[in-house]
Amino acid sequence: MENKEVTSIRIGVLGYGNVGKALVNLITDQREPILSRTALDLSVDVVAVRDPKKHSDLEVASPQITGNAYDVVVSDNIDVIVEVIGGVEPAKDLVQAALNAGKPVITANKELLAKHGPELFRIADDRGLDLLFEAAVAGGVPLMRVLRESLKGEPIQRVMGIVNGTTNYILSKMSETGMSYEDALAEAQAKGYAESDPSADVDGQDAASKAAIIAMVAFGAQLGLSDVSYEGITEITAGDILFAKRFGHTIKLLAIAEQSPNAIGVRVHPAMLPNYHPLASVRDSFNAVFVEGEAVGDLMLYGRGAGGDPTASAVLGDVIAAANNLTQNTNNGLGNLRTTAIQATEELESAYYINLEVADEPGVLAAVAAVFGKHGVSIRSMEQEGLGEEARIVFITHSSKERNVHSTLDELRKLTCVIQIGTKIRVMGH
Ligand code: NDP
Ligand code: HSE
């Protein structure tokens, strides 16, 4: 690079798992091209892990490895911190300590930001430092930058999409190859897509954390994980997937953040989408997100939502942005997040797929249909399957209030002819 003075940026990476390893490799590979394009000479000087003995292969090489992450965040020899440990503690203390020591932080940790984002963004802004988090939502898809920069002035109405790679991988494998839920989850873990505790993926919490972050960024709203209503994919059976196929639909886990006149609604739940819907064809660990804005109309972003390399790519983009800002003594904050009313999901309307296990005896259908009618849930179609102990009735309702669907299910549970309420999945995208 001619004319421009080279700035050395010494990076401390906290965590050397799927993402940390991929990041160290990517920075090592891309050091020269980045230097020639940006005049930034990036080097990972220290990596902190929980158990350095597990990483003895790194001991003789550069970077240095340590079991004491606190030493790294306060070190005078480190300029930028990358947090890819995950979880709330000690990640929160470490991020705070790094910011208090005057270092910008890049994190991929959605759980931390969904639970403590507003507090941490305030600390970063007060100190004029970056706290960047592109990798925390939708892995390698540059959604945060698009929302924060390209769409900064856009009145955004809704952001909706598939933001968890693990559950999308599981649903794709179950649907396309008939693989069991357990085997598909084990594959997603082996490929480095899942959280260290994968229950966060399958129960919807990971997608809910991402939805909360999306709402903070898209609407400037101060909210957190506790404001998001979420359901995961653990109740979805091979039978539900087969039914969806016969019905010309695909089951996807959706995250939705939307602005209504007086409130913001943020939710995560599985949905049956018609096969012609663009999100229905998003397979494997891919993520895709629709942004609906008043001026821009509809936008869709698509890419790898999980895995070491795509996530490392997003982290590296943030490292370069933070390093540039550091050299110019500036930062890119989220600004003031405003408190906002949260929309109650009970008032939302959707069509539903409802699967009931029932006694195989006369009068069952009439008794069940009467309960739907009593609560104002109108039935669009009905299929009876199986005989004897296998008897099931599958309903598709017309668009109905969530509150009414819940009261219908509560009353159905009390009928002696209803043995079990199976899955309830929203039918959307028509
Ligand atoms: P891993 O579980 O693979 O790695 C976690 C790393 O953190 C390990 O190296 C572990 O050390 C280290 N660690 C744990 N506790 C401490 C501690 N107290 N001090 C120092 N180091 C510690 O996680 P991932 O790499 O998969 O994920 C990291 C983060 O990135 C998470 O927040 C995750 O949600 C997020 N993310 C992950 C994506 C993915 O596809 N995997 C995609 C997007 C975001 P040790 O090796 O000694 O056990
Ligand atoms: N476990 C997460 C997922 C990693 O599967 O989407 C990416 O955030």
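Indexing begins at 1, ligand by ligand and atom by atom, following the structure's order. Index from 1, following the sequence. Quick caveat, the model's predicted, so the values are computed rather than measured.
- Tyr352 and Phe372 have their aromatic ring centers separated by at least 6.0 angstrom.
- A donor-acceptor distance shorter than 3.5 angstrom exists from the side chain of Asp79 to the backbone of Arg10, with no hydrogens or angles considered.
- Across Glu258, Glu231, Glu347, a single residue satisfies salt bridge (Lys or Arg N to Asp or Glu O under 4.0 Å) together with Arg267, and that is Glu258.
- Within the 4.0 Å heavy-atom criterion, the part of Asp201 lying near ligand 2 is the side chain and not the backbone.
- Heavy-atom proximity to atom 2 (O) of ligand 1, evaluated over Ala306, Ala108, Ser196, Gly307, is greatest for Ser196.
- Using a 4.0 Å cut-off to heavy atoms of Ala135, the atoms of ligand 1 that qualify are 43 (C), 44 (C).
- Protein heavy atom at the shortest distance from atom 5 (O) of ligand 2 is Thr166 OG1, 2.6 Å.
- For a threshold of 3.5 Å applied to N or O pairs, the pair formed by Gly15 and ligand 1 contains no separation below that value.
- The part of Ala194 lying near ligand 2 is the backbone, judged by heavy-atom distances below 4.0 Å.
- In this structure, Gly139 does not count as a contact residue of ligand 2, since none of its heavy atoms falls inside 4.0 Å of the ligand.
- Under 4.0 Å from ligand 1, the heavy atoms of Lys54 that appear belong solely to its side chain.
- Considering backbone and side-chain N/O atoms, Ala306 never comes within less than 3.5 Å of an N/O atom of ligand 2.
- Ranking the protein heavy atoms by distance from atom 8 (O) of ligand 2 puts Lys110 NZ, 2.6 Å first.
- At a 3.5 angstrom cut-off on N or O pairs, Val19 counts as close to ligand 1.
- In Ala136, neither the side chain nor the backbone holds a heavy atom less than 4.0 Å from any atom of ligand 1.
- Ring pair Phe290/His277 is perpendicular by interplanar angle, where above 60° counts as perpendicular and below 30° as parallel.
- Applying the ring pair (Phe, Tyr, Trp, His ring centres under 6.0 Å) test to residues at least two apart or on different chains, the pairs with a partner in residues 173-227 are Tyr169-Tyr193.
- Taking every heavy atom of Gly165 and a limit of under 4.0 angstrom, the matching atoms of ligand 2 come to 3 (C), 5 (O), 6 (O).
- At the top of the distance list for atom 5 (C) of ligand 1, counting protein heavy atoms only, stands Ile85 O, 3.7 Å.
- In terms of N/O distances under 3.5 Å, ligand 1 is approached by Gly192.
- Contact annotation: for Asn18 versus ligand 1, heavy atoms closer than 4.0 Å belong to both the backbone and the side chain.
- Counting heavy-atom neighbours within 6.0 Å of Asp76 CG, excluding the residue itself, gives a total of 12 or less.
- Residue contacts with ligand 1 for Glu111 are absent, since no atom lies close enough (heavy atoms, distance under 4.0 Å).
- Looking at Pro90 against ligand 1, only its side chain comes within 4.0 Å, counting heavy atoms.
- Ion pair Arg122/Asp126 not flagged as a salt bridge, since none of the NZ, NE, NH1 or NH2 atoms sits closer than 4.0 Å to an Asp/Glu carboxylate oxygen.
- No side-chain donor-acceptor contact under 3.5 Å links Asn287 and Asn168.
- Taking 4.0 Å as the cut-off between side-chain N and carboxylate O, Lys110 and Glu195 count as a salt-bridged pair.
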